[in-house]
Amino acid sequence: MYDLVIHNAKVVTEKGIVEANLAILDGKIANILPVMAECEEPSQLPESKEVIDAKGCYLLPGGVDAHTHLDMPLSNGLKSADDFVSGTIAAAVGGTTTVIDYACQDANGTLMEALTEWKKKAKGACVDYGMHMSIVRADDQTLSEMADMVSQGVTSFKTYLVYDMRLSDEELYRVLERSANLGTIVTVHCENYGVLQYRTKKLLAEGKCEPKYHAVSRPDRCEGEAVNRVLQISAMADMAPVYIVHNTCRESIKCIEESRSMGHPVFAETCPQYLLLDDSKYELEPEECVKYVMSPPLRSKADQHYLWEALKNGTVKVVATDHCPFSLAEKKRGLHNFTEIPNGGTGVEERIPLMYSEGRKHGLSYVEIAKLTATNPAKLFGMYPRKGTIRIGSDADLVLYDPDKTVTITHDILHENVDYTCYEGMTVEGYPVMTLLRGQILAKDGSFTGKMGQGQYVRRDLP
Ligand code: URP
Ligand code: ZN
Ligand code: ZN
C-alpha cells in the first residue's frame, strides 16, 4: 500500500520521458510503473491511500536552486527582501523544492558561528535547504574549520573577488588548495575589483552617477579577466574543483570552455536574467533601470546567444537564480549615485516557469532543462540522488507542470516579498500547477498550501 500514486503523468526522468504511474511511500519515490494500456482505469492502479490524476501533465523533478541570498544582510544595514519563509514559499509555488543559500562568515567570526546563525534563520523554511559557506578571510583558523564544515554537511564554499568580503589572490589560492585537499568545491563571484573601483571613481567624478553607469563601471572583460585568473589559480592550487557563479558573457565562457577542454574540473552557472534580459534595460528611465542593477550587470544580446549555446553544448551546467531582491524604494536610494543601489534581482519563483518555457523555444528538451535546473546542481553539490532526479529511492520532490497553461508574469501573482519582478509582462507557456516536497503537497494552482518550517536542512556528501 503506497501513500500516494500520481497517475497519468509524463514523467521526466534522466533517461527520457515515460508515461507512468509514480508511487510514493514515506516521502520517497517507491516505484515508477510505466503505463502499458492506452488508458488505465484508477481501479488498475497500485493500491494507495491517495491518487492524483496528473491529466497528462509533465512530472518534473523539484527544482534545485543552487544560488539564493535569503535574509542576507548588507554592510549598509539593508537586508535582502525575502527571508527563508517568504523566499521558500515563492520557491515552492514556482516549482523549486530545494535551495542552497550562502551562510556568510562574519568579518571577525568563525565558520561554525555563521552556519549556526544561518540554520537559525532557516528554521521557517518551507522547502529543503543546504548551505554553501562564504569565506571572507583565509586565515589559519578558517582554513582549519573548512574540515568541520564537511562534517556538518557543507561541501561547498563561496568566495568573492569583489565587495567588502572579497579575498586577495593569495587568500583565494589558500582556500582553493585546502578545498582540493578536502575534496570540496569552491564557488567564486568573478569580477576584477581594482578595475571596477577605478572606473567607478572616474564615472562619479565625471558626474555619471545614474543607475545605468553601474553597468559601465564593470564591463564584460572585468568578469572575463577574473574568471581567467580564478581558473589559472585553481589549476595551480592542485587543480582544485571550482564553480563560477552567474556567468554572463562570452569573455567568461570562452575561458571556461578552454579549461574544461584541458580536463580541469571547472563548472559554470548562469541565471535566467542573463539568458532572457539584456543591457537595453539600462536605457530605461532611472526609476525603472534600478531594478536591473545587479553584479555582474546584464549584457548584450550577443552574450545571451553565447550563453544559450553554452547551455546546449554542456559548458554551462547549472541555471540558478542569484535571487537577491530589494524593494523598489531601497533600489531607488541610488537614483543619483549608482554605488548606493543594493545589487540583485528576483527569480526564485520565476526560474522554473521561465526556463521550461524559454528553454524549449531555444531547442532544449524537458530532460535537458531538468538537468540544468535540478539534477546537475544536486550532483555538483552533493545532494544527488536524494535530490534533483525522479528515480526510485529519491525524495519525492516533484512538480506537476501543465504545458498548456499560459501565464503572464506580473509581480502581483508572485509570492516574493518585493514590489516588482525583473520579468514583469513576460508570458510563459507552461506553468507548475502542483509542487510536492517529500510526497507532501506544498503548492497548488499558484498558491502555497504547505506549512511553515516544513523544509529540512540537507546534509551534503562529498560528490
Ligand atoms: O547583484 C547581485 N548579484 N547581488 C547578489 C550578490 C551576488 O553578487 O551574488
Ligand atoms: Zn555574486
Ligand atoms: Zn549571488
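Numbering of residues begins at 1 and proceeds along the displayed sequence. As a basis for the values below, the full set of heavy atoms in this structure was taken, side chains included, without hydrogen atoms, waters or symmetry mates. Only a predicted model underlies this, so the values are computations on that prediction, with no experimental measurement involved.
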State whether a side-chain donor-acceptor pair under 3.5 Å links Thr421 with Glu416.
no

Regarding Thr155 and Thr184, is there a side-chain donor-to-acceptor distance under 3.5 Å anywhere?
no

Between the side chains of Arg460 and Ser156, does any donor sit under 3.5 Å from an acceptor?
yes

Looking at Tyr102, does the NZ or CZ of Lys158 lie under 6.0 angstrom from its six-membered ring centre and within 45 degrees of the ring axis?
yes

Under the criterion side chain to side chain contact (heavy atoms under 4.5 Å, CB included), which of Val99, Ile100, Leu115, Val458 is the partner of Met131?
Leu115

Relative to Tyr384, does Lys379 satisfy both conditions: NZ or CZ under 6.0 angstrom from the six-membered ring centre, and within 45 degrees of the ring's axis?
yes

Can Arg438 and Asp26 be counted as an ion pair, charged N to O under 4.0 angstrom?
no

Under 30°, 30 to 60°, or over 60°: which ring-plane class applies to Tyr401 and Tyr356, parallel, tilted or perpendicular?
tilted

Answer yes when Arg174 and Glu177 have at least one side-chain N-carboxylate O distance shorter than 4.0 Å, and no when they do not.
no

Angle between ring planes, Tyr160 versus His189, binned at 30° and 60°: parallel, tilted or perpendicular?
tilted

Only residue of Val230, Ile256, Val227 satisfying side chain to side chain contact (heavy atoms under 4.5 Å, CB included) with Val266 is Ile256

Are side-chain N/O atoms of Glu14 and Thr389 paired as donor and acceptor at under 3.5 Å?
yes

Which of these passes side chain to side chain donor-acceptor pair (under 3.5 Å) with Arg351: Thr346, Thr373, Thr96?
Thr96

